[in-house]
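Encoded as structure tokens, the structure appears first; notes follow it.
Here the structure is a predicted model, which means the values were calculated and not measured. Only heavy atoms go into these numbers, but all of them, side chains included; no hydrogens, no water, no symmetry mates. By convention in this document, chain letters (A, B, ...) are assigned in the order of the sequence lines, proteins followed by strands, and residues within each chain are numbered from 1.
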Number of protein chains: 2
Amino acid sequence: MVTIKDVAREAGVSVATVSRVLNDNGYVGADTRKKVMEAIAELNYSPNEVARSLYKRESRLIGLLLPDITNPFFPQLARGVEDELSQAGYRLLLGNSDENIQKELEYIQTFVQNNVVGIITATNHVDYKIYEALDLPLVLLDRASENYPAVYADGREGGRLAAKTLIEKGAERITLVKGPANIKPAQDRFQGAIEELSQADVDFSVLSTTSYSFEEAQGWAEELFDKFSDTDGIIASNDIVGIAIIHEAMERGKRIPEDVQIIGYDDIPQSRLSYPTLSTIRQPAYEMGREAAKLLIRTIKKEPGVEQTIQMPVELIERKTTRKE
Amino acid sequence: MVTIKDVAREAGVSVATVSRVLNDNGYVGADTRKKVMEAIAELNYSPNEVARSLYKRESRLIGLLLPDITNPFFPQLARGVEDELSQAGYRLLLGNSDENIQKELEYIQTFVQNNVVGIITATNHVDYKIYEALDLPLVLLDRASENYPAVYADGREGGRLAAKTLIEKGAERITLVKGPANIKPAQDRFQGAIEELSQADVDFSVLSTTSYSFEEAQGWAEELFDKFSDTDGIIASNDIVGIAIIHEAMERGKRIPEDVQIIGYDDIPQSRLSYPTLSTIRQPAYEMGREAAKLLIRTIKKEPGVEQTIQMPVELIERKTTRKE
DNA sequence: CCTCTGTGTGTAACCGGTTACAGATAAAGT
DNA sequence: ACTTTATCTGTAACCGGTTACACACAGAGG
């Protein structure tokens with residue numbers, strides 16, 4: 001490994017001078033600088049981040065904690081975060097928590113142990129004391145909070161919008177799919193939908209589900225049509241479940257959107273490719289990731305007047321599983 | 001921050017002793033050990049990985065470089081890698097290369113700068129000299145190579161299998177979608193399919209595409225049916241494109257699989273949820289990730305007799321876009 | 001001519017761990 | 001009783017950077 005000492009020797013100067021050149025601070029004579037630059041190029045030297053991080057007590061790493069990268073909503077977030085961070089010279093330490101407190105704790109601990117300069121987390125356990133004890137910039141992603149800066153979309157409004165849309169488009173026996181109880185955003189959109197449905201003049205029923213996974217989505221879809229076979233409007237808990245419901249409806253010979261309308265949530269990329277294409281409530285996942293990263297960077301740089309919370313707009317995307325009306 | 005010195009003071013011993021307790025090496029008296037443990041618990045101490053990493057010249061980090069986490073095939077790989085690594089106490093530094101050499105170089109550099117103990121990469125630029133110069137355990141994922149240990153699925157065989165399947169099931173005017181030219185596995189499966197088609201007694205045509213992205217998949221599907229409207233069997237370049245093709249076929253009123261059969265590649269989770277469900281060539285992505293991680297760990301630990309290459313089986317998954325007989 | 005200030009550079013301490021080495025003690029062997 | 005060996009613990013060097021501090025020197029101002 002080429003170290004700063006090797007460069008210093010090669011350039012015939014002290015390590016302090018090399019460091020000054022590297023960091024562009026302090027005084028360095030023009031020709032000395034040149035010699036050092038040449039030595040660096042000659043030896044193909046690149047400074048050891050670990051040593052730097054130890055002394056400065058901060059790295060260029062940022063911890064990103066997601067529930068499960070396998071759920072297509074999260075890669076979008078991750079990608080947004082990464083694009084923004086890498087542009088600013090930060091790198092990503094990634095963890096999947098599976099909504100499991102134990103794993104979450106482990107990752108937070110390694111983040112700290114590795115001197116990350118900030119953490120972005122999409123977690124449901126923000127209230128736990130680990131986060132309190134943390135004196136690191138923290139941004140919540142896809143979750144709201146009183147206590148920490150956060151970037152999220154308005155789930156309640158999204159739920160309302162989904163319900164309102166189905167009602168407007170003439171659905172009369174609506175089935176609302178309720179997402180996992182321990183996932184906050186799932187409950188927000190559920191609440192929003194319930195609000196809207198309650199004050200409208202429609203019949204509705206609720207199907208409770210306990211996961212968003214691909215494996216189980218089909219099961220929920222089957223259960224839905226078994227229990228509520230005459231439903232003519234379905235508000236899915238997310239697009240995965242929505243797509244499974246389309247599949248099952250087609251399987252059972254129902255016409256979409258004539259017999260049954262379906263609306264999803266998230267607008268994951270593949271909802272444009274289902275047949276029929278899925279109408280859905282869009283959360284701008286990629287942008288949310290970017291915003292979270294920007295917010296974190298501003299917090300790290302202690303820029304004044306950092307908004308504590310960014311609420312991103314949700315948006316109805318009308319495709320083919322809702323009527324044109 | 002609580003350091004080893006604080007623990008040493010609290011326990012009334014030297015830092016060396018604390019270190020010995022932490023790492024469970026050297027001699028430590030039973031009651032001394034107890035005192036140290038208590039001090040650690042008392043102060044809620046957790047060692048600084050950065051300092052450790054600096055001295056030992058190795059961290060517990062592993063670099064994972066993927067083309068694009070947003071493509072649903074890769075999160076599966078990533079998850080497999082992560083599950084296996086985190087169990088062994090390693091953490092993940094993640095980068096998206098976008099098949100872009102510049103980004104790839106940057107990430108490899110930060111991996112090195114952060115003292116990673118190994119790298120797993122799904123890259124097309126292994127031949128570049130950066131990798132040669134690297135004296136770090138390296139495992140290729142989803143790519144084959146003469147020079148490095150690798151975990152990949154047999155793309156040629158997969159392509160052959162896809163073609164053979166369509167031929168057996170009676171397709172007579174097959175369209176083969178060729179994936180991006182710069183992506184190695186895309187070309188392997190293409191070659192395999194070409195081989196099989198060439199020596200069979202069928203007509204076939206080739207549609208060249210330049211991306212796997214969701215945004216463009218639909219365009220390829222439209223182009224396909226515009227150019228080859230009477231095709232009765234389609235070998236998609238991957239499942240994303242396959243699902244887009246299903247969508248477009250339905251849109252154009254074609255019956256699947258009666259009028260046109262479609263076979264995808266990868267078996268991403270959502271291919272089970274399309275309508276009709278997509279027949280496809282499965283690559284065991286999650287397991288590939290795990291195997292790559294295992295292989296890397298064995299290489300890191302210098303275990304003898306590490307197989308240099310693991311070829312995972314591909315498998316035909318028959319669903320509803322191919323005929324039953 | 002002398003002080004003051006701005007430049008340029010090196011020495012050494014420091015970050016928080018790990019470990020080589022030395023020294024102390026006790027038990028075991030001769 | 002004396003050496004040998006095993007066990008236990010502390011001191012200090014080390015990892016590769018950063019930076020406080022000291023020092024040297026040149027030009028400006030009095």
Side-chain angles (χ1 to χ4, degrees), chain A residues 1-40 43-61 89 109-117 135, chain B residues 1-40 43-61 89 109-117 135:
Chain A
M1 185 195 280
V2 183
T3 75
I4 198 171
K5 278 181 201 156
D6 301 320
V7 176
R9 194 179 322 112
E10 175 81 14
V13 299
S14 75
V15 293
T17 301
V18 177
S19 180
R20 284 186 200 106
V21 172
L22 285 172
N23 298 289
D24 211 20
N25 59 21
Y27 294 109
V28 181
D31 43 347
T32 309
R33 164 167 275 117
K34 186 149 165 292
K35 274 189 302 180
V36 172
M37 302 285 253
E38 282 165 7
I40 289 173
L43 300 176
N44 192 21
Y45 167 73
S46 123
N48 182 325
E49 267 299 312
V50 176
R52 190 183 156 284
S53 168
L54 178 59
Y55 183 86
K56 310 257 292 187
R57 287 207 209 65
E58 63 173 53
S59 66
R60 286 179 179 131
L61 299 176
Q109 193 186 18
T110 39
F111 290 167
V112 172
Q113 290 182 314
N114 284 284
N115 283 3
V116 300
V117 272
D135 63 344
Chain B
M1 184 197 279
V2 184
T3 75
I4 198 171
K5 279 181 201 156
D6 301 320
V7 176
R9 193 180 321 112
E10 175 80 15
V13 300
S14 76
V15 293
T17 302
V18 177
S19 180
R20 283 187 201 106
V21 172
L22 285 173
N23 297 290
D24 212 19
N25 59 20
Y27 294 109
V28 181
D31 43 348
T32 309
R33 163 167 275 117
K34 185 146 167 293
K35 273 191 302 182
V36 172
M37 301 286 254
E38 281 166 6
I40 288 173
L43 300 176
N44 192 21
Y45 167 74
S46 120
N48 182 325
E49 268 300 313
V50 176
R52 190 183 155 284
S53 168
L54 178 59
Y55 183 85
K56 309 257 295 186
R57 287 208 210 63
E58 63 173 54
S59 66
R60 285 178 180 133
L61 299 177
Q109 193 186 19
T110 39
F111 290 167
V112 172
Q113 290 183 311
N114 284 283
N115 282 3
V116 300
V117 272
D135 64 341

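Residue contacts shown for A:Val18 are absent, as no nucleic acid heavy atom lies under 4.0 Å away. Across all strands, A:Ser19 comes closer than 4.0 Å to base atoms (heavy-atom distances).
Remark: P of D:dT18 and CD of B:Gln113 are 11 Å apart, rounded to the nearest angstrom. Rounded to an integer number of Å, the gap from B:Arg57 CZ to C:dT19 C1' is 13 Å. In this structure, A:Glu49 atom CD and D:dT18 atom C1' are separated by 12 Å, rounded to whole Å. Atom CG of B:Asn23 is separated from atom P of C:dG17 by 11 Å (rounded to the nearest Å). Atom CD of B:Glu58 is separated from atom C1' of C:dT18 by 12 Å (rounded to the nearest Å). Rounded to an integer number of Å, the gap from A:Tyr45 OH to D:dG16 P is 10 Å. The separation between B:Arg52 atom CZ and C:dT19 atom C1' is 13 Å, rounded to whole Å. Between the P atom of D:dG16 and the OH atom of A:Tyr55 lies a distance of 18 Å, rounded to the nearest Å.
From B:Leu22, atom CG reaches atom CD1 of B:Ile40 across 4.5 Å, with rounding to the nearest 0.5 Å. Atom OH of B:Tyr45 is separated from atom CD1 of B:Ile4 by 4.5 Å, given to the nearest 0.5 angstrom.
Residue A:Asn48 has its side chain nearest to D:dG17 when only D:dG17, C:dG10, C:dT9 are considered.
B:Glu49 and A:Thr110 share no side-chain donor-acceptor pair at under 3.5 Å.
The phosphate of C:dG10 has OP1 or OP2 within less than 4.0 Å of a side-chain N or O from A:Ser14. Look at B:Lys56 and you won't find any side-chain N or O under 4.0 angstrom from OP1 or OP2 of D:dC14. In terms of phosphate contacts, A:Thr32 brings no side-chain nitrogen or oxygen within less than 4.0 Å of OP1 or OP2 of C:dG8.
Taking 3.5 Å as the limit, the base of C:dG8 and the side chain of A:Arg33 contain no donor-acceptor pair of atoms between them.
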